[in-house]
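First the structure, in the form of structure tokens, and then the observations on it.
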2 protein chains.
Amino acid sequence: MANIKHIAKLANVSISTVSRVLNNQPYVSEDKKKAIFDAIEQLEYTRNMNAIHLIKGKTNLVGVMMPFINHAYFSRLMEGISAEAFKENYQLILCQTNYELCNETAVLEMLKMKQIDGIIICSKSMPLEQIEPYTRYGPIVACEDVNQSPVSSVYLDHYTSFKYGINYLIEKGHQYIGLCLGRNSGANSQSRLKAYKDALHSINQPFREEWMFYQSYRIEDGVEVLNKLRTMEQRPTALLVTSDQVAAGIIMEARKNGIEVPNDLAIIGFDNQPIAEVFDLTTIDNQLMEMGSCAFRIVHDQIAKKKNEPEYREFDFRLIERSTV
Amino acid sequence: MANIKHIAKLANVSISTVSRVLNNQPYVSEDKKKAIFDAIEQLEYTRNMNAIHLIKGKTNLVGVMMPFINHAYFSRLMEGISAEAFKENYQLILCQTNYELCNETAVLEMLKMKQIDGIIICSKSMPLEQIEPYTRYGPIVACEDVNQSPVSSVYLDHYTSFKYGINYLIEKGHQYIGLCLGRNSGANSQSRLKAYKDALHSINQPFREEWMFYQSYRIEDGVEVLNKLRTMEQRPTALLVTSDQVAAGIIMEARKNGIEVPNDLAIIGFDNQPIAEVFDLTTIDNQLMEMGSCAFRIVHDQIAKKKNEPEYREFDFRLIERSTV
DNA sequence: ATGAAAGCGCTAACAT
DNA sequence: ATGTTAGCGCTTTCAT
């Protein structure tokens with residue numbers, strides 16, 4: 001493989017002159033320039049990016065940490081991240097963690113080892129304190145509320161948005177309300193759970209563990225939720241579901257079993273994914289794609305300006321009223 | 001940031017000894033080893049991967065080329081790729097191309113510039129001949145039939161699988177059969193189209209452009225397809241749909257409009273995604289995840305063995321009979 | 001406008 | 001068992 005020395009020799013100039021041309025710097029005469037371009041073409045020369053990364057201490061690469069890859073929530077977030085990265089000529093390294101600590105650590109270490117210039121954490125299981133020390137090696141932004149951490153953050157006020165959703169159900173006359181969550185740990189889920197409990201309290205309803213469904217991520221999980229529901233003597237009349245996919249699964253299985261939505265069971269989804277519109281699902285829009293874009297923009301800004309102050313950006317939610325409540 | 005020299009100095013050894021310890025090589029005395037580990041800890045030292053990449057001419061990074069990120073087909077493929085990459089301690093760079101030539105070229109150039117060790121092409125618009133020269137810089141595998149190219153390939157026999165699907169419809173008494181495709185270019189789509197035309201020919205049916213639907217990727221595209229169908233005087237009685245998502249959208253909208261599946265409209269999907277099971281959709285399983293895994297394995301094998309002969313691996317399809325035909 | 005040379009942080013061949 | 005040294009391919013400072 002040809003390198004810069006070969007070009008220099010063939011074009012009869014010094015290495016530095018080649019470098020100048022390569023980097024569009026001024027003060028190179030036209031004839032030398034031409035000789036260099038000719039040599040580049042003749043030897044099919046391309047720069048070795050690893051050498052450039054080494055010398056610049058920068059890779060134009062951002063790591064994206066997510067538990068699973070094949071999941072609508074993360075895909076949507078990723079879509080936003082990717083769109084923004086594209087504009088800035090940045091590439092993304094997709095790091096699947098399965099929520100395992102060792103994998104999450106591996107991503108942080110990549111930052112320390114200068115493989116990546118920054119990190120976007122879509123979701124994690126590691127406590128924030130363990131992440132914070134790594135901010136000295138480059139910008140890190142999490143897609144959840146971090147509350148004044150050195151880690152930056154883009155987030156939705158999940159407490160308020162959830163409260164809003166529940167109150168909407170209550171207004172519509174519901175008192176028996178169940179909840180489907182993705183995880184029970186995680187900042188986002190915790191906020192939602194708190195909102196749920198507070199709302200129940202406000203209408204003097206007890207918290208019932210049997211109406212809680214965890215680990216609901218996919219459309220097929222929704223099917224399962226409904227089937228659990230069917231075995232219950234006393235069922236909730238409404239369900240808050242933290243994923244439109246899961247909500248869609250619930251609706252499908254409800255229909256199959258003659259359970260009418262919203263009459264027998266009202267449902268509010270979350271994320272406002274395309275599937276929600278097709279199912280005419282009432283849902284809460286949380287601007288996932290915009291959040292992704294913003295996360296990248298923060299990382300990129302901090303890389304460019306070499307500043308370390310974390311940024312926090314809260315996003316608005318919006319209830320999309322359709323026909324499932 | 002501490003480097004290997006600092007460690008050497010602090011531990012009172014030479015840099016090669018440090019390097020040996022860093023790479024778990026034998027022949028280092030225990031006390032020196034300890035001194036080095038202490039120094040590493042004290043200075044919070046980590047290796048700079050860019051230097052290693054430069055010297056080794058290898059990055060443990062594979063580029064994944066795909067047109068869109070937020071799409072069930074590619075997500076599933078990616079899931080397989082990612083699982084396999086994980087086992088080999090490889091990272092993935094996700095390169096979204098939007099089917100634009102300049103972006104596809106950029107990925108190939110990354111290989112030439114030694115940023116990545118190999119490429120997996122999930123889908124592309126560039127002609128194969130333009131890709132082939134790049135195989136000298138590292139292994140490239142495409143997820144479509146390449147027919148004896150220096151580019152490796154994992155693929156399904158789309159012609160046969162499609163023919164099989166159509167014959168199944170014909171056996172069930174259908175003659176008026178429509179088709180939803182993702183793109184009209186692309187090797188996979190072309191094979192499918194040919195199978196479709198051949199099948200029509202075999203039952204003496206004309207090819208009707210109005211029963212062809214292109215650019216159908218997502219669930220909402222399915223909704224649109226059905227609504228176009230509704231405006232037609234003569235409608236097909238069956239539809240072959242190259243995506244379970246699109247098929248699901250069609251079914252949803254059909255129900256909304258009192259069109260019965262399969263009585264008024266039979267549907268065969270493609271991919272056997274989870275959504276297909278929930279919709280009880282008859283579909284053709286094409287082992288997307290396994291294809292992804294295999295694609296990575298081929299790339300990795302060729303990197304490890306430094307061999308250049310392309311590999312081709314054909315996958316089996318399977319018709320999953322459910323209730324939509 | 002051009003070139004010489006130092007150095008980014010590391011590995012590996014060679015010497016001892 | 002340990003150290004010396006020559007690169008990997010490039011950018012950049014400093015001369016000229």
Side-chain angles (χ1 to χ4, degrees), chain A residues 1-37 39-40 43-61 109-117 137-138 306, chain B residues 1-37 39-40 43-61 109-117 137-138 306:
Chain A
M1 282 280 323
N3 63 26
I4 198 170
K5 274 186 196 164
H6 302 139
I7 302 297
K9 183 178 274 182
L10 185 59
N12 241 312
V13 296
S14 72
I15 298 178
S16 18
T17 305
V18 179
S19 178
R20 283 191 192 96
V21 171
L22 253 25
N23 295 289
N24 305 310
Q25 283 167 15
Y27 309 126
V28 179
S29 66
E30 283 307 317
D31 47 336
K32 299 227 168 190
K33 225 180 230 173
K34 186 177 177 319
I36 290 169
F37 281 129
I40 287 176
L43 300 182
E44 298 188 58
Y45 169 77
T46 328
R47 286 188 286 190
N48 182 323
M49 288 311 285
N50 294 314
I52 296 176
H53 292 162
L54 172 60
I55 204 166
K56 300 228 166 173
K58 188 167 169 299
T59 57
N60 271 41
L61 235 43
E109 283 294 318
M110 283 174 70
L111 183 63
K112 193 174 174 196
M113 297 191 292
K114 291 179 169 296
Q115 276 205 81
I116 50 182
D117 298 343
Y137 304 115
K306 288 178 183 152
Chain B
M1 282 282 321
N3 64 26
I4 198 171
K5 273 186 197 164
H6 300 139
I7 303 297
K9 183 178 274 182
L10 185 58
N12 241 310
V13 298
S14 73
I15 51 172
S16 21
T17 304
V18 179
S19 179
R20 281 189 193 100
V21 170
L22 253 26
N23 295 289
N24 306 311
Q25 283 167 18
Y27 309 127
V28 179
S29 68
E30 283 308 316
D31 47 336
K32 298 227 170 195
K33 223 179 232 173
K34 186 177 177 319
I36 289 168
F37 279 130
I40 286 176
L43 300 183
E44 298 188 54
Y45 168 77
T46 327
R47 286 190 284 191
N48 182 324
M49 289 312 285
N50 293 314
I52 296 178
H53 293 161
L54 172 60
I55 204 165
K56 299 227 164 170
K58 186 168 171 297
T59 56
N60 271 42
L61 236 41
E109 284 294 319
M110 283 173 72
L111 184 62
K112 192 174 174 196
M113 296 191 290
K114 292 182 171 293
Q115 276 205 83
I116 50 182
D117 298 343
Y137 304 115
K306 285 174 184 158

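Computed from heavy atoms alone, side chains included, the values below leave out hydrogens, waters and symmetry copies. Remember, it's a predicted structure, so these values are computed and weren't measured experimentally.
For the pair B/Q25 CD and C/dT11 P, the interatomic distance rounds to 9 Å; values are reported in whole Å. In this structure, CD1 of A/I4 is placed 14 Å from C1' of C/dA5, rounded to the nearest angstrom.
Residues B/L22 and B/V18 form a side-chain contact, since some pair of their non-hydrogen atoms from C-beta on lies under 4.5 Å apart. You'll find the side chain of B/E44 reaches within 4.5 Å of the side chain of A/Y137, heavy atoms only.
Closest approach of A/A39 to A/A11, counting heavy atoms only: CB-CB, 4.2 Å. Of all heavy-atom pairs between B/A2 and B/H6, the closest is CA-ND1, 3.4 Å. Heavy atoms only, all atoms of each residue included: A/V28 and A/Q25 are closest at CG2-O, 4.2 Å.
Each of A/K114, A/M110, A/K112 was compared with B/T46 under the side-chain contact (heavy atoms from CB on, under 4.5 Å) criterion, and only A/K112 meets it.
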Under 3.5 Å between N/O atoms: give me all the protein pairs with nucleotides 6-8 of chain C, atom names plus distance.
none

Tabulated below should be each protein N or O lying under 3.5 Å from an N or O of nucleotides 13-16 of chain C; please produce it.
none

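Qualifying side chain to side chain donor-acceptor pair (under 3.5 Å) partners for B/K34, counting only residues two or more places apart in sequence or in other chains: B/D38.
At C/dG3, none of the side-chain N or O atoms of A/Y27 fall inside 4.0 Å of OP1 or OP2 (strictly under the cut-off).
Residues A/I15 and A/D31 both approach DNA chain C. Their nearest nucleotides, taken by heavy-atom distance, put A/D31 toward the 5′ side. Each of A/N23 and B/E30 was assigned the nucleotide of DNA chain D with the nearest heavy atom; the assignment lying further toward the 5' end belongs to B/E30.
The distance from the CG atom of B/L10 to the OH atom of B/Y45 is 13.0 Å, given to the nearest 0.5 Å. The structure places CG of A/N50 at 11.5 Å from NZ of B/K58, a figure rounded to the nearest 0.5 Å. Rounding to the nearest 0.5 angstrom, the gap separating the CD1 atom in A/I15 from the CZ atom in A/R20 is 11.5 Å. In this structure, CD1 in B/I116 is found 10.5 Å from CD in B/E109, a value given to the nearest 0.5 Å. Considering CD of B/Q115 and CE of A/M49, their distance stands at 5.0 Å, rounded to 0.5 Å. Put simply, CD1 on B/I36 and CD1 on B/I7 are 9.0 Å apart, with the number rounded to the nearest 0.5 Å.
Within residues 6-14 of chain B, the residues approaching DNA chain D are B/V13, B/S14, by heavy-atom distance under 4.0 Å.
Neither side chain, A/S19 nor A/S16, offers a donor N or O lying under 3.5 Å from an acceptor on the other.
First and last contacts of DNA chain D with chain B, using any nucleotide atom under 4.0 Å from a protein heavy atom and ordered 5' to 3', fall at D/dA1 to D/dG9.
Base engagement by A/S19 is indicated by at least one non-hydrogen atom pair under 4.0 Å involving a base atom.
A/D117 contributes a side-chain N or O that, together with a main-chain N or O of A/N60, makes up a donor-acceptor pair within less than 3.5 Å.
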**Request:** Decide side chain to side chain contact (heavy atoms under 4.5 Å, CB included) for A/R47 and A/I40; before the verdict, give the C-alpha distance in whole Å, the side-chain angles of both, and the deciding distance to 0.1 Å.
**Result:** CA-CA 10 Å; A/R47 286 188 286 190; A/I40 287 176; over 6 Å; no
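With a cut-off of 3.5 Å on both pairing distances, the Watson-Crick and G-U wobble pairs of DNA chain D assemble into stems of 3 or more at C:1-16 with D:1-16.
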